[in-house]
A.B. asks: 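Take this structure, written in C-alpha coordinates, and hold onto it; I'll ask about it next.
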2 protein chains.
Amino acid sequence: MGITERKERERAEMRRRIVDVAIKMFVEDGYEKVSIRNIADKIEYSPATIYLYYKDKDELLYDVQHEAFATLSEEFAKHINHKEPFKRLEQLAFAYVQFARDHPELYDLMFIIKAPMNVEHDEEKWKNGDPAYDALYNLVSECIEKKLIRFKDPTVATLSVWAFAHGFISLDLRCRFKVAGLTGEEINKVVDQSIKEYLHIIKV
Amino acid sequence: MGITERKERERAEMRRRIVDVAIKMFVEDGYEKVSIRNIADKIEYSPATIYLYYKDKDELLYDVQHEAFATLSEEFAKHINHKEPFKRLEQLAFAYVQFARDHPELYDLMFIIKAPMNVEHDEEKWKNGDPAYDALYNLVSECIEKKLIRFKDPTVATLSVWAFAHGFISLDLRCRFKVAGLTGEEINKVVDQSIKEYLHIIKV
DNA sequence: TTTGGAAAATAAACAGTGTTCAGTATATTT
DNA sequence: AAATATACTGAACACTGTTTATTTTCCAAA
(Lines give C-alpha, C1' and ligand atoms only; values in the text may rest on other atoms or scores of the structure.)
Protein backbone atom coordinates (compact mmCIF):
# COMPACT_ATOMS: atom_id res chain seq x y z
CA MET A 1 0.00 0.00 0.00
CA GLY A 2 2.70 2.50 -1.03
CA ILE A 3 0.34 4.99 -2.57
CA THR A 4 0.73 7.48 0.24
CA GLU A 5 4.49 7.22 -0.19
CA ARG A 6 4.18 7.67 -3.93
CA LYS A 7 1.96 10.74 -3.47
CA GLU A 8 4.49 12.14 -1.09
CA ARG A 9 7.28 11.41 -3.55
CA GLU A 10 5.39 13.03 -6.37
CA ARG A 11 4.82 16.07 -4.20
CA ALA A 12 8.53 16.28 -3.44
CA GLU A 13 9.34 15.89 -7.12
CA MET A 14 7.01 18.74 -8.01
CA ARG A 15 8.62 20.98 -5.40
CA ARG A 16 12.03 20.09 -6.83
CA ARG A 17 10.84 20.90 -10.34
CA ILE A 18 9.60 24.30 -9.18
CA VAL A 19 12.79 25.13 -7.27
CA ASP A 20 15.02 23.98 -10.11
CA VAL A 21 13.23 26.16 -12.63
CA ALA A 22 13.14 29.05 -10.19
CA ILE A 23 16.87 29.01 -9.46
CA LYS A 24 17.67 28.66 -13.14
CA MET A 25 15.49 31.66 -13.96
CA PHE A 26 17.08 33.62 -11.12
CA VAL A 27 20.57 33.04 -12.42
CA GLU A 28 19.60 33.76 -16.01
CA ASP A 29 17.13 36.64 -15.76
CA GLY A 30 17.75 38.11 -12.32
CA TYR A 31 15.58 38.32 -9.24
CA GLU A 32 13.31 41.12 -10.40
CA LYS A 33 12.19 39.32 -13.54
CA VAL A 34 11.16 36.10 -11.85
CA SER A 35 7.46 36.04 -11.03
CA ILE A 36 5.21 33.20 -9.96
CA ARG A 37 3.54 33.47 -13.35
CA ASN A 38 6.89 33.15 -15.17
CA ILE A 39 7.81 30.08 -13.17
CA ALA A 40 4.37 28.56 -13.74
CA ASP A 41 4.72 29.17 -17.47
CA LYS A 42 8.06 27.44 -17.61
CA ILE A 43 6.93 24.31 -15.75
CA GLU A 44 3.72 24.37 -17.82
CA TYR A 45 1.32 24.62 -14.91
CA SER A 46 -1.14 27.24 -13.80
CA PRO A 47 0.14 29.89 -11.35
CA ALA A 48 -2.36 28.68 -8.79
CA THR A 49 -0.76 25.23 -8.82
CA ILE A 50 2.45 26.63 -7.33
CA TYR A 51 0.42 27.63 -4.30
CA LEU A 52 -0.50 24.00 -3.76
CA TYR A 53 3.18 23.30 -3.15
CA TYR A 54 4.36 26.57 -1.63
CA LYS A 55 2.33 28.68 0.75
CA ASP A 56 3.74 31.87 -0.77
CA LYS A 57 6.63 33.27 -2.78
CA ASP A 58 8.80 33.70 0.30
CA GLU A 59 8.57 30.01 1.09
CA LEU A 60 9.67 29.18 -2.45
CA LEU A 61 12.51 31.69 -2.28
CA TYR A 62 13.59 30.07 0.95
CA ASP A 63 14.07 26.76 -0.83
CA VAL A 64 15.87 28.51 -3.68
CA GLN A 65 18.12 30.11 -1.09
CA HIS A 66 18.82 26.68 0.36
CA GLU A 67 19.94 25.50 -3.06
CA ALA A 68 22.15 28.57 -3.47
CA PHE A 69 23.86 27.82 -0.17
CA ALA A 70 24.53 24.31 -1.37
CA THR A 71 26.46 25.76 -4.33
CA LEU A 72 28.41 28.02 -2.01
CA SER A 73 29.32 25.03 0.13
CA GLU A 74 30.52 23.22 -2.97
CA GLU A 75 32.76 26.17 -3.83
CA PHE A 76 34.12 26.15 -0.30
CA ALA A 77 34.85 22.43 -0.50
CA LYS A 78 36.58 22.95 -3.83
CA HIS A 79 38.85 25.81 -2.81
CA ILE A 80 39.60 25.33 0.88
CA ASN A 81 42.30 22.70 1.15
CA HIS A 82 45.42 24.22 2.64
CA LYS A 83 47.09 22.64 5.64
CA GLU A 84 47.51 25.84 7.65
CA PRO A 85 44.29 27.16 9.19
CA PHE A 86 45.07 30.79 8.42
CA LYS A 87 45.73 29.99 4.79
CA ARG A 88 42.40 28.20 4.74
CA LEU A 89 40.80 31.39 6.10
CA GLU A 90 42.31 33.28 3.19
CA GLN A 91 41.02 30.66 0.79
CA LEU A 92 37.56 30.91 2.31
CA ALA A 93 37.48 34.69 2.05
CA PHE A 94 38.43 34.71 -1.62
CA ALA A 95 36.15 31.80 -2.45
CA TYR A 96 33.32 33.82 -0.88
CA VAL A 97 34.14 36.90 -2.94
CA GLN A 98 34.53 34.84 -6.08
CA PHE A 99 31.16 33.19 -5.51
CA ALA A 100 29.53 36.61 -5.27
CA ARG A 101 31.17 37.68 -8.53
CA ASP A 102 30.18 34.49 -10.31
CA HIS A 103 26.59 34.39 -9.02
CA PRO A 104 25.50 37.93 -8.12
CA GLU A 105 21.81 37.05 -8.29
CA LEU A 106 22.26 34.14 -5.91
CA TYR A 107 24.31 36.30 -3.55
CA ASP A 108 21.43 38.76 -3.60
CA LEU A 109 18.97 36.12 -2.54
CA MET A 110 21.26 34.75 0.14
CA PHE A 111 22.47 37.93 1.81
CA ILE A 112 20.90 41.13 0.52
CA ILE A 113 17.20 40.95 -0.26
CA LYS A 114 14.63 40.92 2.49
CA ALA A 115 12.27 38.37 1.03
CA PRO A 116 13.07 34.85 2.18
CA MET A 117 13.96 35.87 5.73
CA ASN A 118 10.33 36.36 6.69
CA VAL A 119 9.72 32.64 6.53
CA GLU A 120 10.87 31.31 9.87
CA HIS A 121 10.44 34.50 11.84
CA ASP A 122 9.29 32.45 14.80
CA GLU A 123 12.43 33.42 16.74
CA GLU A 124 14.02 30.31 15.27
CA LYS A 125 17.41 30.18 13.67
CA TRP A 126 18.13 30.73 9.99
CA LYS A 127 18.91 27.19 8.93
CA ASN A 128 19.89 27.93 5.33
CA GLY A 129 22.97 29.88 6.30
CA ASP A 130 24.12 27.35 8.86
CA PRO A 131 26.67 25.27 6.92
CA ALA A 132 28.49 28.27 5.49
CA TYR A 133 28.45 30.09 8.82
CA ASP A 134 29.71 27.02 10.65
CA ALA A 135 32.52 26.59 8.15
CA LEU A 136 33.71 30.12 8.85
CA TYR A 137 33.07 29.93 12.59
CA ASN A 138 34.97 26.67 13.03
CA LEU A 139 37.87 27.90 10.96
CA VAL A 140 38.08 31.20 12.81
CA SER A 141 37.83 29.38 16.15
CA GLU A 142 40.73 27.14 15.17
CA CYS A 143 42.75 30.22 14.23
CA ILE A 144 42.01 31.80 17.59
CA GLU A 145 42.89 28.66 19.50
CA LYS A 146 46.21 28.39 17.69
CA LYS A 147 46.74 32.11 18.20
CA LEU A 148 46.97 32.87 14.50
CA ILE A 149 44.66 35.92 14.51
CA ARG A 150 44.28 38.91 16.83
CA PHE A 151 40.85 38.00 18.15
CA LYS A 152 39.61 36.59 21.44
CA ASP A 153 35.91 36.17 20.89
CA PRO A 154 35.19 33.73 18.03
CA THR A 155 31.79 35.32 17.34
CA VAL A 156 33.29 38.79 17.04
CA ALA A 157 35.99 37.38 14.77
CA THR A 158 33.56 35.43 12.60
CA LEU A 159 31.14 38.30 12.15
CA SER A 160 33.99 40.73 11.51
CA VAL A 161 35.48 38.70 8.68
CA TRP A 162 32.04 38.05 7.23
CA ALA A 163 30.89 41.66 7.52
CA PHE A 164 34.10 42.94 5.98
CA ALA A 165 33.74 40.76 2.89
CA HIS A 166 29.99 41.28 2.67
CA GLY A 167 30.37 45.04 2.99
CA PHE A 168 32.57 45.19 -0.08
CA ILE A 169 30.48 42.78 -2.10
CA SER A 170 27.12 44.35 -1.34
CA LEU A 171 28.26 47.94 -1.84
CA ASP A 172 29.77 46.88 -5.15
CA LEU A 173 26.69 44.91 -6.22
CA ARG A 174 24.52 47.95 -5.47
CA CYS A 175 26.83 50.30 -7.39
CA ARG A 176 27.60 52.45 -4.35
CA PHE A 177 31.31 52.50 -5.20
CA LYS A 178 30.37 54.81 -8.05
CA VAL A 179 30.92 57.53 -5.48
CA ALA A 180 34.64 56.74 -5.50
CA GLY A 181 34.77 57.25 -9.25
CA LEU A 182 36.35 53.88 -10.00
CA THR A 183 35.84 51.59 -12.99
CA GLY A 184 34.65 48.02 -12.51
CA GLU A 185 38.13 46.60 -12.88
CA GLU A 186 39.61 49.12 -10.45
CA ILE A 187 36.97 48.25 -7.89
CA ASN A 188 37.79 44.56 -8.13
CA LYS A 189 41.44 45.35 -7.53
CA VAL A 190 40.72 47.58 -4.54
CA VAL A 191 38.42 44.94 -3.06
CA ASP A 192 41.00 42.20 -3.45
CA GLN A 193 43.73 44.39 -2.01
CA SER A 194 41.57 45.51 0.90
CA ILE A 195 40.70 41.97 1.86
CA LYS A 196 44.34 40.95 1.56
CA GLU A 197 45.35 43.85 3.81
CA TYR A 198 42.61 43.04 6.30
CA LEU A 199 43.67 39.43 6.56
CA HIS A 200 47.21 40.68 7.02
CA ILE A 201 46.45 43.02 9.89
CA ILE A 202 44.33 40.50 11.78
CA LYS A 203 47.16 37.98 11.44
CA VAL A 204 49.09 37.74 14.66
CA MET B 1 6.83 89.85 -15.94
CA GLY B 2 7.90 87.20 -13.43
CA ILE B 3 5.30 84.64 -14.39
CA THR B 4 7.88 82.24 -15.81
CA GLU B 5 9.83 82.52 -12.56
CA ARG B 6 6.69 81.97 -10.53
CA LYS B 7 5.80 78.89 -12.59
CA GLU B 8 9.27 77.56 -12.02
CA ARG B 9 9.02 78.28 -8.31
CA GLU B 10 5.64 76.56 -8.10
CA ARG B 11 7.11 73.56 -9.90
CA ALA B 12 9.97 73.41 -7.40
CA GLU B 13 7.50 73.73 -4.54
CA MET B 14 5.48 70.83 -5.87
CA ARG B 15 8.58 68.67 -6.15
CA ARG B 16 9.48 69.57 -2.58
CA ARG B 17 5.98 68.68 -1.40
CA ILE B 18 6.23 65.29 -3.11
CA VAL B 19 9.69 64.54 -1.72
CA ASP B 20 8.75 65.67 1.78
CA VAL B 21 5.70 63.43 1.86
CA ALA B 22 7.64 60.55 0.31
CA ILE B 23 10.47 60.65 2.85
CA LYS B 24 8.00 60.95 5.70
CA MET B 25 6.08 57.91 4.44
CA PHE B 26 9.33 56.01 4.00
CA VAL B 27 10.39 56.61 7.56
CA GLU B 28 6.96 55.80 8.94
CA ASP B 29 5.75 52.90 6.82
CA GLY B 30 8.90 51.50 5.22
CA TYR B 31 10.07 51.34 1.65
CA GLU B 32 7.86 48.49 0.52
CA LYS B 33 4.62 50.16 1.52
CA VAL B 34 5.24 53.44 -0.28
CA SER B 35 3.67 53.48 -3.74
CA ILE B 36 3.13 56.32 -6.15
CA ARG B 37 -0.59 56.01 -5.44
CA ASN B 38 -0.02 56.31 -1.67
CA ILE B 39 2.08 59.43 -2.13
CA ALA B 40 -0.47 60.90 -4.53
CA ASP B 41 -3.24 60.22 -2.00
CA LYS B 42 -1.37 62.00 0.78
CA ILE B 43 -0.63 65.14 -1.23
CA GLU B 44 -4.21 65.01 -2.53
CA TYR B 45 -3.33 64.78 -6.21
CA SER B 46 -3.89 62.16 -8.86
CA PRO B 47 -1.11 59.57 -9.32
CA ALA B 48 -0.58 60.80 -12.86
CA THR B 49 0.28 64.27 -11.56
CA ILE B 50 3.44 62.93 -9.92
CA TYR B 51 4.64 61.96 -13.38
CA LEU B 52 4.43 65.61 -14.42
CA TYR B 53 7.14 66.35 -11.86
CA TYR B 54 9.12 63.12 -11.85
CA LYS B 55 9.87 61.00 -14.89
CA ASP B 56 9.56 57.80 -12.86
CA LYS B 57 9.71 56.40 -9.35
CA ASP B 58 13.49 56.04 -9.45
CA GLU B 59 13.93 59.75 -10.12
CA LEU B 60 11.74 60.52 -7.12
CA LEU B 61 13.63 58.05 -4.94
CA TYR B 62 16.83 59.70 -6.03
CA ASP B 63 15.64 63.01 -4.58
CA VAL B 64 14.48 61.25 -1.42
CA GLN B 65 17.93 59.69 -1.18
CA HIS B 66 19.45 63.15 -1.49
CA GLU B 67 17.37 64.30 1.45
CA ALA B 68 18.42 61.26 3.47
CA PHE B 69 22.09 62.05 2.85
CA ALA B 70 21.48 65.57 4.11
CA THR B 71 20.26 64.09 7.40
CA LEU B 72 23.34 61.90 7.60
CA SER B 73 25.57 64.92 7.03
CA GLU B 74 23.76 66.72 9.85
CA GLU B 75 24.48 63.79 12.15
CA PHE B 76 28.11 63.85 11.12
CA ALA B 77 28.34 67.58 11.81
CA LYS B 78 26.72 67.05 15.19
CA HIS B 79 28.94 64.24 16.41
CA ILE B 80 32.33 64.77 14.80
CA ASN B 81 34.14 67.42 16.79
CA HIS B 82 37.23 65.94 18.42
CA LYS B 83 40.61 67.55 17.94
CA GLU B 84 42.50 64.38 17.10
CA PRO B 85 41.81 63.03 13.60
CA PHE B 86 41.72 59.41 14.70
CA LYS B 87 39.18 60.20 17.40
CA ARG B 88 37.14 61.93 14.75
CA LEU B 89 37.31 58.75 12.67
CA GLU B 90 35.91 56.84 15.63
CA GLN B 91 33.18 59.43 16.03
CA LEU B 92 32.33 59.17 12.35
CA ALA B 93 32.12 55.37 12.46
CA PHE B 94 29.75 55.33 15.41
CA ALA B 95 27.68 58.21 14.07
CA TYR B 96 27.27 56.17 10.88
CA VAL B 97 26.15 53.08 12.79
CA GLN B 98 23.83 55.13 14.96
CA PHE B 99 22.26 56.73 11.91
CA ALA B 100 21.53 53.30 10.48
CA ARG B 101 19.91 52.22 13.74
CA ASP B 102 17.84 55.40 14.01
CA HIS B 103 16.73 55.45 10.38
CA PRO B 104 16.85 51.91 8.98
CA GLU B 105 14.49 52.71 6.12
CA LEU B 106 16.61 55.67 5.04
CA TYR B 107 19.74 53.55 5.26
CA ASP B 108 18.02 51.05 3.02
CA LEU B 109 17.37 53.66 0.39
CA MET B 110 20.86 55.10 0.61
CA PHE B 111 22.95 51.94 0.60
CA ILE B 112 21.02 48.71 0.14
CA ILE B 113 18.19 48.83 -2.36
CA LYS B 114 18.86 48.83 -6.08
CA ALA B 115 16.25 51.36 -7.11
CA PRO B 116 17.60 54.89 -7.17
CA MET B 117 20.99 53.94 -8.59
CA ASN B 118 19.57 53.43 -12.07
CA VAL B 119 19.02 57.16 -12.47
CA GLU B 120 22.37 58.55 -13.56
CA HIS B 121 23.73 55.37 -15.07
CA ASP B 122 25.40 57.46 -17.75
CA GLU B 123 28.83 56.51 -16.39
CA GLU B 124 28.55 59.61 -14.22
CA LYS B 125 29.30 59.74 -10.56
CA TRP B 126 26.81 59.17 -7.79
CA LYS B 127 26.37 62.72 -6.54
CA ASN B 128 24.09 61.95 -3.61
CA GLY B 129 26.74 60.03 -1.73
CA ASP B 130 29.45 62.59 -2.36
CA PRO B 131 29.42 64.70 0.83
CA ALA B 132 29.39 61.70 3.16
CA TYR B 133 32.05 59.90 1.15
CA ASP B 134 34.24 62.99 1.03
CA ALA B 135 33.92 63.45 4.78
CA LEU B 136 35.24 59.94 5.33
CA TYR B 137 37.85 60.14 2.58
CA ASN B 138 39.30 63.43 3.82
CA LEU B 139 39.40 62.24 7.40
CA VAL B 140 41.04 58.95 6.47
CA SER B 141 43.54 60.78 4.27
CA GLU B 142 44.47 63.04 7.15
CA CYS B 143 44.95 59.98 9.37
CA ILE B 144 47.24 58.41 6.76
CA GLU B 145 49.28 61.60 6.31
CA LYS B 146 49.80 61.87 10.05
CA LYS B 147 50.59 58.16 10.19
CA LEU B 148 47.75 57.39 12.59
CA ILE B 149 46.41 54.32 10.76
CA ARG B 150 48.07 51.34 9.07
CA PHE B 151 47.08 52.21 5.53
CA LYS B 152 48.96 53.63 2.58
CA ASP B 153 46.26 54.00 -0.07
CA PRO B 154 43.52 56.40 1.04
CA THR B 155 40.97 54.77 -1.27
CA VAL B 156 41.66 51.32 0.14
CA ALA B 157 41.45 52.73 3.65
CA THR B 158 38.23 54.65 2.99
CA LEU B 159 36.46 51.76 1.34
CA SER B 160 37.67 49.35 4.03
CA VAL B 161 36.27 51.37 6.90
CA TRP B 162 33.04 51.99 5.01
CA ALA B 163 32.63 48.36 3.94
CA PHE B 164 33.34 47.12 7.44
CA ALA B 165 30.62 49.25 8.98
CA HIS B 166 28.21 48.70 6.11
CA GLY B 167 28.74 44.94 6.26
CA PHE B 168 27.60 44.80 9.85
CA ILE B 169 24.70 47.18 9.39
CA SER B 170 23.32 45.56 6.26
CA LEU B 171 23.64 41.98 7.49
CA ASP B 172 21.89 43.05 10.67
CA LEU B 173 19.16 44.99 8.83
CA ARG B 174 18.51 41.93 6.68
CA CYS B 175 18.36 39.59 9.69
CA ARG B 176 21.30 37.48 8.51
CA PHE B 177 22.83 37.44 11.97
CA LYS B 178 20.02 35.12 12.94
CA VAL B 179 22.45 32.41 11.85
CA ALA B 180 24.64 33.27 14.84
CA GLY B 181 21.72 32.71 17.21
CA LEU B 182 22.02 36.10 18.89
CA THR B 183 19.30 38.37 20.26
CA GLY B 184 18.92 41.92 18.98
CA GLU B 185 20.69 43.38 21.98
CA GLU B 186 23.54 40.90 21.74
CA ILE B 187 24.01 41.75 18.07
CA ASN B 188 24.28 45.45 18.86
CA LYS B 189 26.95 44.70 21.43
CA VAL B 190 28.94 42.48 19.08
CA VAL B 191 28.71 45.10 16.32
CA ASP B 192 29.91 47.88 18.63
CA GLN B 193 32.73 45.72 19.95
CA SER B 194 33.77 44.59 16.49
CA ILE B 195 33.97 48.14 15.20
CA LYS B 196 35.91 49.19 18.27
CA GLU B 197 38.35 46.31 17.75
CA TYR B 198 38.68 47.10 14.05
CA LEU B 199 39.48 50.73 14.73
CA HIS B 200 41.99 49.52 17.30
CA ILE B 201 43.86 47.20 14.98
CA ILE B 202 44.06 49.71 12.13
CA LYS B 203 45.47 52.26 14.61
CA VAL B 204 49.21 52.50 14.22
C1' DT C 1 -15.18 90.96 -20.37
C1' DT C 2 -15.16 87.47 -23.38
C1' DT C 3 -12.49 84.30 -25.93
C1' DG C 4 -8.61 81.36 -27.50
C1' DG C 5 -4.82 78.80 -26.44
C1' DA C 6 -1.52 77.02 -23.32
C1' DA C 7 -0.65 74.68 -19.11
C1' DA C 8 -1.98 71.61 -15.32
C1' DA C 9 -4.56 67.89 -13.49
C1' DT C 10 -7.03 63.78 -13.95
C1' DA C 11 -9.90 59.43 -15.11
C1' DA C 12 -9.25 55.47 -17.19
C1' DA C 13 -6.69 52.13 -19.09
C1' DC C 14 -2.51 48.90 -19.87
C1' DA C 15 0.36 45.46 -18.45
C1' DG C 16 2.18 43.52 -14.81
C1' DT C 17 2.41 41.56 -9.72
C1' DG C 18 1.15 38.01 -5.55
C1' DT C 19 -2.66 35.52 -4.09
C1' DT C 20 -7.38 33.33 -3.43
C1' DC C 21 -11.39 30.71 -4.58
C1' DA C 22 -15.03 28.46 -6.99
C1' DG C 23 -15.39 25.07 -10.12
C1' DT C 24 -13.56 21.27 -13.15
C1' DA C 25 -10.93 17.20 -14.18
C1' DT C 26 -8.48 13.29 -12.53
C1' DA C 27 -7.45 9.60 -9.47
C1' DT C 28 -8.57 6.56 -5.67
C1' DT C 29 -11.75 4.11 -2.61
C1' DT C 30 -16.00 2.03 -1.57
C1' DA D 1 -20.10 1.85 -11.34
C1' DA D 2 -20.86 5.44 -7.84
C1' DA D 3 -18.96 8.22 -4.33
C1' DT D 4 -15.26 10.47 -2.56
C1' DA D 5 -10.89 12.53 -2.26
C1' DT D 6 -7.09 14.75 -4.74
C1' DA D 7 -5.02 17.73 -8.32
C1' DC D 8 -5.49 21.36 -11.13
C1' DT D 9 -7.08 25.70 -13.31
C1' DG D 10 -9.76 30.12 -14.95
C1' DA D 11 -11.09 33.97 -13.25
C1' DA D 12 -11.08 37.24 -10.10
C1' DC D 13 -9.21 40.55 -6.30
C1' DA D 14 -6.34 44.04 -4.89
C1' DC D 15 -2.42 45.82 -5.75
C1' DT D 16 1.82 47.94 -8.55
C1' DG D 17 4.29 51.59 -12.06
C1' DT D 18 3.17 54.06 -16.03
C1' DT D 19 0.77 56.21 -20.24
C1' DT D 20 -2.79 58.53 -22.85
C1' DA D 21 -6.86 60.93 -23.97
C1' DT D 22 -9.74 64.11 -21.83
C1' DT D 23 -11.09 67.69 -18.90
C1' DT D 24 -10.25 71.57 -16.00
C1' DT D 25 -7.72 75.68 -14.84
C1' DC D 26 -5.20 79.58 -15.83
C1' DC D 27 -3.77 83.74 -18.29
C1' DA D 28 -3.09 86.95 -22.00
C1' DA D 29 -4.80 89.15 -26.05
C1' DA D 30 -9.07 90.83 -28.65
Side-chain angles (χ1 to χ4, degrees), chain A residues 1-19 21-22 25-26 29-65 108-109 113-119 121, chain B residues 1-19 21-22 25-26 29-65 108-109 113-119 121:
Chain A
M1 187 90 74
I3 77 146
T4 316
E5 286 84 343
R6 198 209 62 209
K7 283 276 164 81
E8 216 167 299
R9 203 175 56 237
E10 282 176 349
R11 194 181 157 76
E13 278 167 12
M14 183 61 139
R15 280 177 69 111
R16 260 240 81 82
R17 223 175 311 158
I18 295 170
V19 170
V21 165
M25 292 178 70
F26 259 99
D29 311 327
Y31 170 70
E32 308 215 311
K33 277 177 186 162
V34 178
S35 70
I36 297 290
R37 279 176 175 82
N38 295 152
I39 297 168
D41 269 6
K42 207 143 243 172
I43 61 168
E44 293 176 295
Y45 278 88
S46 145
T49 301
I50 294 192
Y51 287 87
L52 300 175
Y53 297 89
Y54 285 100
K55 138 175 180 294
D56 56 22
K57 200 185 178 186
D58 276 12
E59 200 177 88
L60 167 56
L61 291 190
Y62 194 83
D63 268 17
V64 174
Q65 193 188 56
D108 230 311
L109 194 84
I113 69 173
K114 243 169 187 164
M117 301 305 290
N118 305 324
V119 171
H121 62 329
Chain B
M1 189 88 76
I3 77 147
T4 316
E5 286 86 342
R6 199 209 61 210
K7 284 276 163 82
E8 217 166 297
R9 203 175 56 236
E10 282 176 351
R11 194 180 158 76
E13 278 167 12
M14 183 61 140
R15 280 176 70 112
R16 260 240 82 82
R17 221 175 311 159
I18 295 170
V19 171
V21 165
M25 292 178 71
F26 260 99
D29 311 328
Y31 169 70
E32 307 214 310
K33 277 176 186 162
V34 179
S35 71
I36 297 290
R37 279 177 175 80
N38 295 153
I39 297 169
D41 269 6
K42 208 144 245 174
I43 59 169
E44 294 176 294
Y45 277 88
S46 144
T49 301
I50 294 190
Y51 288 87
L52 300 176
Y53 297 89
Y54 284 100
K55 138 174 179 295
D56 56 23
K57 198 185 180 185
D58 275 13
E59 201 178 88
L60 167 56
L61 291 190
Y62 194 82
D63 268 17
V64 173
Q65 194 187 55
D108 229 313
L109 194 85
I113 69 174
K114 244 170 187 164
M117 301 306 290
N118 305 323
V119 170
H121 61 331

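Sequence lines set the chain letters: A, B, ... in the order given, protein chains first and strands last, and positions in each chain run from 1.
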A.B. asks: Write down the distance between CG (L61(A)) and C1' (dG18(C)), rounded to a whole number of angstrom.
C.D. replies: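 My rounded result for the distance is 12 Å.
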A.B. asks: Atom CZ in R17(A), atom CD in E44(A): separation rounded to 0.5 Å?
C.D. replies: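 One gets 10.5 Å once the value is rounded to the nearest 0.5 Å.
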A.B. asks: Verify the contact: side-chain N or O of T49(A) to OP1 or OP2 of dC8(D), cut-off strictly under 4.0 Å; return yes or no.
C.D. replies: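 Checking dC8(D) against T49(A), no side-chain N or O comes under 4.0 Å of OP1 or OP2.
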A.B. asks: Going 5' to 3' along nucleotides 16-21 of chain D, which nucleotides have protein heavy atoms under 4.0 Å from the base (write B), which only from the sugar-phosphate (write S), and which from neither (write -)?
C.D. replies: BBBBB-
A.B. asks: In whole Å, what is the span from the CG atom of L52(B) to the P atom of dT25(D)?
C.D. replies: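 Going from CG in L52(B) over to P in dT25(D) covers 16 Å.
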A.B. asks: I need the CD-C1' distance between E44(A) and dT9(D), as an integer number of Å.
C.D. replies: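 Rounded to the whole Å, the gap is 15 Å.
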A.B. asks: Please tell me which of the listed nucleotides, dA9(C), dG10(D), dT6(D), lies nearest to the side chain of K7(A)?
C.D. replies: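 Out of dA9(C), dG10(D), dT6(D), the nucleotide with an atom closest to K7(A)'s side chain is dT6(D).
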A.B. asks: So, R6(A) and E10(A), do they make that salt bridge, N to O below 4.0 Å?
C.D. replies: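 Looking at R6(A) and E10(A), the cut-off is met.
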A.B. asks: If I take atom CD from residue Q65(A) and atom CG from residue D58(A), how far apart are they, to the nearest 0.5 angstrom?
C.D. replies: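 So the CD of Q65(A) and the CG of D58(A) are separated by 10.0 Å.
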A.B. asks: Give the rounded distance in Å between these two atoms: CE of M14(B) and P of dA8(C).
C.D. replies: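 Interatomic distance, CE of M14(B) to P of dA8(C): 10 Å.
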A.B. asks: Are K57(A) and Y31(A) in a cation-pi setup, meaning NZ or CZ lies under 6.0 angstrom from the ring centre and within 45 degrees of the ring axis?
C.D. replies: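 Verdict for Y31(A): a cation-pi partner in K57(A).
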A.B. asks: Do you know which two heavy atoms are closest between D63(B) and Y54(B), and how far apart they sit?
C.D. replies: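 Shortest heavy-atom contact: OD2-OH, 2.7 Å.
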A.B. asks: May I have the distance from I43(A) (atom CD1) to dC8(D) (atom C1'), rounded to whole angstrom?
C.D. replies: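 Answer to the nearest Å: 12 Å.
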A.B. asks: Check every strand shown and say whether Y53(A) touches a base, only sugar-phosphate, or nothing at a heavy-atom separation below 4.0 Å.
C.D. replies: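 Answer is sugar-phosphate: Y53(A) comes under 4.0 Å of backbone atoms only.
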A.B. asks: Could you check how far CD1 of I18(B) sits from C1' of dA8(C), rounded to whole Å?
C.D. replies: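 The answer, rounded to whole Å, is 13 Å.
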A.B. asks: CG of N38(A) to CE of M25(A): how many Å apart, nearest 0.5 Å?
C.D. replies: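 Rounded to the nearest 0.5 Å, the CG-CE separation comes out at 4.5 Å.
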A.B. asks: Think S46(A) has a side-chain N or O under 4.0 angstrom from the OP1 or OP2 of dC8(D)?
C.D. replies: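 Negative; the distance criterion is not met.
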A.B. asks: Describe the nucleic acid contact of R6(A) in one word from base, sugar-phosphate, nothing, applying a heavy-atom distance below 4.0 Å.
C.D. replies: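 The residue R6(A) makes sugar-phosphate contact but no base contact.
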A.B. asks: For E32(B) and dC15(D), what is the distance between atoms CD and P respectively, to the nearest whole Å?
C.D. replies: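 Those two atoms, CD and P, are 16 Å apart.
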